[in-house]
Amino acid sequence: MLDIDFIRENKEEVKKACKAKQEDVDIDKLLELDEKRRSLKTKVDEMRHDQNKLTKKVEQAEEDEREEIIEEIKPLKKKLQKKEDEWKEVKKKWKDLMLQVPNIPVSKVPEGESEEDNVVIDQWGDKPDFDFEPKDHLEIGRNLNLIDVERAAKVSGSRFAYLKNEAVLLQFALVNLSLAYLLEKDFTPVLPPVMLRPDAMEGLGYLEQGEDDMYFLEKDELFLAGTAEHPLAAMHSGEVLDGEDLPLRYVAFSPSFRREAGSYGKDTRGIFRVHQFNKVEMFSICKPENSTDEHQFFLDLEQQLMQLLGIPYQVVQMCTADLGHPVANKYDIETWMPSYNDYRETHSTSNCTDFQARRLNIQYEEDGEKKLVHTVNGTGFALGRTLIAILENYQKEDGSIEVPSALQDYLEFE
RNA sequence: GGAGAGGUGCGCCGAACGGUAAGGCAACAGAUUGCUAAUCUGUCGUCGCUUAACCGCGACUUGCGGGUUCAAAUCCCGCCCUCUCCGCCA
């Protein structure tokens, strides 16, 4: 959520941001409602004031005068009730619109209309040059008895998979590698809950655009987290943190659940796009003046982890159209995937500035002053997609896989 | 699933049980005292009006939402959450 004072004073900028993000919000209507909301509030306050004065008089009045004053109050009460209802209605409409206003992209974000307009800003590594016909991850996975989507379909439906044998060991090796690396950088490891209450979920600012992509358990009224970012961000909601403790950096391991609504027929082969996958996720709560650096730091960490694996990738600056509702700036890392003959998204890191903090009410205190924090999130490893990248990039002609050296230490128990 | 206890000013503890939210701790600012601390004073929730800003004025605030009443933390109804015990269970 944005600050209403900010919207009031920077109307054109906010409108521009909505347009750039392709989110249709009627800012004029919002400001009109805001105007109404405030004038009604003033009116209601005045009426309450008058009534309060009389009420106090009753208390102080002599017994025989009371009835008279009470009779005087009664008609005021009715009028007040009416005004209050009117005010509440406007307030509700106002709030609904407020929640629809997206975060404003930072100035460096290029304007764009679709993912076509994202900008590759960096590339690393040499694409493998196979002197045989490379297979895709599903074929490799089947041959080596690592991936079983047929039985998963039988048990759970499409877009699910069983991972087996070395695929499992590789997944845990990725967890351990990234965890070891990030603990060196002052991160606190967390295993978070992955079911969240609606009120926690609302604060994150994703429901506005993607409620359909979230699983919701009707019976228990709980959302399944689409990423550990959700429980990590909500963890400190309503708290006032000590400025000296910032940045608070967390690294979580958790499953992630996505309905993938609207992506029918897209990436249906293998485990590239599934309803449930495991992920190592980074999250930081920091001071406003540091969030840009923190965001860059997260991007650097993601690259360092990829370089440890030795798999080619490119860094992409998202354009305005590809920024999520709460996001002010976002980079993706796209990893080379031979079977697609293309780079595909494996990581993402976003700076949400104070947008989530305002809704979740996360503040910090410094020199007796309270301010909203900034939140930054980033992928450590999306385990499933990283597995794809490893299988496809490290495949050999005889059908076997060479394990990246950085992971070998974490497979020693084999 | 069953039974009980509880939720009070951004924090913590805690009183008031129909008359309009005591007190304490913590925190912050200032003052003061010759000694890593004490004491005193002030600040210490949200919103609106006003203002360049401060100040000032008003409203709201006892988990949430209704109801009764001139007046609700207090009485009534519904809901939410937390904790404890029992049951079940990885």
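Lettering of chains follows the sequences in order, A, B, ..., and the numbering in each one begins at 1.
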- [ ] Both distances under 3.5 Å, Watson-Crick or G-U wobble: report the partner of rU62(B), or none.
- [x] none
Task: Between rC49(B) (C1') and Trp87(A) (CH2): distance, integer Å - done: 14 Å
TODO: Look at His49(A) and rG58(B) and indicate whether a side-chain polar atom (N or O) is within less than 4.0 Å of OP1 or OP2.
DONE: no
Open item on the list: Hydrogens and angles aside, do Gln317(A) and Asn329(A) bring a side-chain donor and acceptor to less than 3.5 Å of each other?
Closed with: yes
Open item on the list: Quiz question: by atom type and distance under 3.5 Å, do the side chains of Ser291(A) and His374(A) form a donor-acceptor pair?
Closed with: yes
TODO: Describe the nucleic acid contact of Ile69(A) in one word from base, sugar-phosphate, nothing, applying a heavy-atom distance below 4.0 Å.
DONE: nothing
Open item on the list: On the six-membered ring of Trp87(A), is Lys91(A) placed so that its NZ or CZ lies under 6.0 angstrom from the centre and within 45° of the ring axis?
Closed with: yes
TODO: With a 3.5 angstrom cut-off on both distances, give the Watson-Crick or G-U wobble partner of rA73(B), or none if there isn't one.
DONE: none
- [ ] Send over the distance from Asn361(A) CG to rC47(B) C1', rounded to a whole Å.
- [x] 15 Å
TODO: Round to the nearest Å and state the distance from Lys78(A) atom NZ to rC70(B) atom P.
DONE: 12 Å
Open item on the list: Looking only at side-chain N and O atoms, does Gln356(A) offer a donor or acceptor that is under 3.5 Å from a partner on Glu229(A)?
Closed with: yes
Open item on the list: Just checking Lys57(A): does its NZ atom have more than 12 heavy atoms from other residues, nucleotides or ligands closer to it than 6.0 angstrom?
Closed with: no
TODO: Can you label the angle between the His275(A) ring and the Phe160(A) ring as parallel, tilted or perpendicular, going by 30° and 60°?
DONE: tilted
Task: Exceeds 12 heavy-atom contacts within 6.0 angstrom, atom CZ of Arg269(A) - done: yes
Task: Length of the line joining Asp85(A):CG and rG67(B):C1', which is rounded to integer Å - done: 14 Å
Open item on the list: Whether Arg385(A) engages the ring of Phe272(A) as a cation-pi pair (distance to the six-membered ring centre under 6.0 angstrom, angle to the ring normal within 45°) should be assessed.
Closed with: yes
Task: Inter-residue atom distance Arg37(A).CZ - Trp94(A).CH2, 0.5 Å rounding - done: 4.0 Å
- [ ] Establish, for the pair Lys185(A) and Tyr181(A), whether the NZ or CZ atom is under 6.0 angstrom from the six-membered ring centre and no further than 45 degrees off its axis.
- [x] yes
- [ ] Remember a base hit wins even if backbone is also touched, and classify Thr42(A) as base, sugar-phosphate or nothing at under 4.0 Å, heavy atoms.
- [x] sugar-phosphate
- [ ] Take the protein atom NZ of Lys41(A) and the nucleotide atom C1' of rC49(B), then report the distance between them rounded to whole Å.
- [x] 10 Å
Open item on the list: With nearest nucleotide decided by heavy atoms, which residue, Thr55(A) or Ile70(A), maps closer to the 5′ end of RNA chain B?
Closed with: Thr55(A)
Open item on the list: With the threshold set at under 4.0 Å for non-hydrogen atoms, list the residues of residues 25-40 of chain A touching RNA chain B in residue-number order.
Closed with: Arg37(A), Arg38(A)
Open item on the list: Any donor-acceptor pair under 3.5 Å linking the side-chain atoms of Thr320(A) with those of Glu111(A)?
Closed with: no
Task: Strand partner of rG4(B), provided both Watson-Crick or wobble distances fall under 3.5 Å - done: rC83(B)
Task: Side chain of Arg66(A) - closest among rG58(B), rG19(B), rU69(B) - done: rG19(B)
Measure all distances between protein nitrogen or oxygen atoms and nitrogen or oxygen atoms of nucleotides 80-83 of chain B, and list the pairs falling under 3.5 Å.
from    : atom 1 : to        : atom 2 : distance (Å)
rC81(B) : O3'    : Arg197(A) : NH2    : 2.4
rU82(B) : OP1    : Arg197(A) : NH2    : 2.9

Task: Shortest side-chain distance from Lys74(A), nucleotide among rC70(B), rU20(B), rC49(B) - done: rC70(B)
- [ ] With a 3.5 angstrom cut-off on both distances, give the Watson-Crick or G-U wobble partner of rC40(B), or none if there isn't one.
- [x] rG30(B)
Task: Partner nucleotide, any strand, of rC35(B) [Watson-Crick/G-U, under 3.5 Å] - done: none
- [ ] Give a yes/no on whether any side-chain N or O of Lys88(A) is located under 4.0 angstrom from OP1 or OP2 of rG66(B).
- [x] yes
Task: Residues within residues 4-12 of chain A bordering RNA chain B, heavy-atom distance below 4.0 Å - done: none
TODO: Could you tell me which nucleotide pairs with rC49(B) by Watson-Crick or G-U wobble geometry, both distances under 3.5 Å, or answer none if nothing does?
DONE: rG56(B)
Open item on the list: Side chains of Tyr313(A) and Gln307(A) only: does a donor on one sit below 3.5 Å from an acceptor on the other?
Closed with: yes
Task: d(NZ, Lys91(A); C1', rA59(B)) in whole Å - done: 11 Å
Open item on the list: Could you tell me the Watson-Crick or G-U partner of rC25(B), where both distances fall under 3.5 Å? Say none if there is no partner.
Closed with: rG11(B)
Task: Residue matched to rG18(B) through Watson-Crick or wobble contacts both under 3.5 angstrom - done: none
- [ ] For Thr349(A) and Lys330(A), test the side chains for any donor-to-acceptor distance below 3.5 angstrom and give the result as yes or no.
- [x] no
Open item on the list: rA71(B), OP1 or OP2 - any side-chain N/O from Lys77(A) closer than 4.0 Å?
Closed with: yes
TODO: Calculate the interatomic distance between Asn52(A) atom CG and rG58(B) atom C1'; express it in whole Å.
DONE: 10 Å
- [ ] For Gln363(A) and rA27(B), give me the distance from atom CD to atom P, rounded to whole Å.
- [x] 19 Å
Task: Donor on one side chain, acceptor on other, Lys164(A) and Asn145(A), under 3.5 Å - done: yes
- [ ] Give the nucleotide from the list rC60(B), rU20(B), rA71(B) with an atom nearest to the side chain of Arg48(A).
- [x] rC60(B)
